[in-house]
Amino acid sequence: MRGLTLACPACGGRGLFTSPMLRIRERCPTCGLRFERIEGHWLGAVALNTVASAAAVLLSVVIAMLVFGTDTGLRTLLAVALPVGVVSPVLFDPFSRTLWTATDMLLRPLTSSDFEERPPSDSSVGSRAHRSRDAGAHNRRGP
Ligand SMILES: [Zn+2]
C-alpha cells in the first residue's frame with residue numbers, strides 16, 4: 001500500500017524523490033533503506049511501468065471507442081492513445097519504483113544489510129591505487 005502512495009515501503013517515510021519527482025534518492029531519508037538492493041533492481045520497475053502504460057493506452061482506446069463509437073477512425077484513436085502513451089510512463093515512473101521496491105520486499109524480506117553503507121568496490125580501490133603508483137613512478141623518473 002505504501003508503494004502506491006510514493007512512501008518508503010519499509011517505514012512509510014516521505015521525501016524519497018528529488019524535486020521534479022523524477023529521481024528517486026539512493027536511500028530512504030527516514031530509515032536509510034537502500035532502494036537498489038541488487039544490481040538491476042530497477043528493471044522490475046521498468047517492467048511494471050511498461051505493463052501499466054500499455055494498460056493505460058489500451059484503456060484509453062476502449063474509452064475512445066465507447067465515447068466515439070466502435071467505427072471511429074484510426075486518426076481519432078491515435079489522437080487519444082498517443083498522448084496517453086507518451087505521458088503515462090513519465091507519470092507512473094515514481095509509482096513504479098516504490099511499488100516495485102515494495103513487491104521486492106515481499107519476495108525477499110529485508111535484512112540489516114539493506115540499511116548498511118555499501119562497502120567500496122574492490123575495482124575502484126584497485127584502480128585508484130594503481131593510478132597513484134603510476135604517478136609516483138613518473139615523479140621518480142624526473143631530473
Ligand atoms: Zn524508509
Side-chain angles (χ1 to χ4, degrees), residues 1-140:
M1 264 328 271
R2 286 171 174 169
L4 275 173
T5 59
L6 299 181
C8 171
C11 69
R14 296 251 158 216
L16 309 188
F17 295 88
T18 55
S19 40
M21 260 195 34
L22 286 174
R23 290 185 67 89
I24 193 165
R25 295 178 196 280
E26 191 181 326
R27 291 173 170 278
C28 171
T30 310
C31 69
L33 169 69
R34 189 176 59 242
F35 296 119
E36 196 167 359
R37 297 173 67 200
I38 54 166
E39 206 170 316
H41 171 78
W42 297 125
L43 278 176
V46 170
L48 205 63
N49 197 354
T50 305
V51 169
S53 300
V57 168
L58 198 66
L59 191 69
S60 72
V61 169
V62 169
I63 289 172
M65 283 181 154
L66 288 174
V67 171
F68 301 114
T70 49
D71 57 345
T72 309
L74 188 63
R75 281 182 181 200
T76 311
L77 293 180
L78 274 177
V80 172
L82 216 60
V84 173
V86 169
V87 168
S88 65
V90 176
L91 288 181
F92 191 66
D93 180 75
F95 296 95
S96 73
R97 289 174 188 270
T98 50
L99 269 176
W100 175 250
T101 303
T103 308
D104 186 47
M105 274 172 49
L106 289 176
L107 300 173
R108 294 184 308 121
L110 293 175
T111 64
S112 60
S113 69
D114 290 312
F115 296 91
E116 289 166 3
E117 282 296 327
R118 195 188 300 235
S121 69
D122 289 346
S123 63
S124 71
V125 171
S127 67
R128 208 177 300 134
H130 186 72
R131 229 178 290 131
S132 66
R133 209 180 311 130
D134 282 354
H138 182 77
N139 288 342
R140 274 195 300 275

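Starting from 1, each residue takes its place in the sequence as its number.
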A.B. asks: Measure the CZ-CD distance between Arg97 and Glu36 for me, rounded to the nearest 0.5 Å.
C.D. replies: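 One gets 9.0 Å once the value is rounded to the nearest 0.5 Å.
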A.B. asks: Side-chain polar contacts of residues 58-80 - donor-acceptor pairs under 3.5 angstrom, sequence neighbours left out - could you list them?
C.D. replies:
residue, atom, partner, partner atom, Å
Ser60, OG, Val57, O, 2.6
Thr72, OG1, Phe68, O, 3.4
Thr72, OG1, Gly69, O, 2.3

A.B. asks: Could you pull out every donor-acceptor pair under 3.5 Å between side chains of residues 3-17 and any protein atom, sequence neighbours left out?
C.D. replies:
residue, atom, partner, partner atom, Å
Thr5, OG1, Arg2, O, 3.0
Arg14, NH1, Thr5, O, 2.6
Arg14, NH2, Thr5, O, 3.2

A.B. asks: For residues 41-50, which side-chain N or O atoms pair as donor and acceptor with protein atoms under 3.5 Å away, sequence neighbours left out?
C.D. replies:
residue, atom, partner, partner atom, Å
His41, NE2, Phe35, O, 3.3
His41, NE2, Thr101, OG1, 3.2
Asn49, OD1, Ser53, OG, 3.2
Asn49, ND2, Pro89, O, 3.0
Thr50, OG1, Val46, O, 2.8

A.B. asks: For Val90 versus Val86, what's the shortest heavy-atom pair and its separation?
C.D. replies: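 Val90 and Val86 have their closest heavy atoms at CG2-O, 3.8 Å.
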A.B. asks: Report yes if some heavy atom in the side chain of Arg37 is under 4.5 Å from a heavy atom in the side chain of Leu110; otherwise report no.
C.D. replies: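 Arg37 reaches Leu110 side chain to side chain.
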A.B. asks: Taking atom OG1 of Thr18 and atom CD of Glu26, what is their separation to the nearest 0.5 Å?
C.D. replies: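 Reported to 0.5 Å precision, the distance equals 12.5 Å.
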A.B. asks: First locate atom SG of Cys28, then atom CG of Asp114, and finally report the distance between them rounded to the nearest 0.5 Å.
C.D. replies: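 Between atom SG of Cys28 and atom CG of Asp114 there are 12.5 Å.
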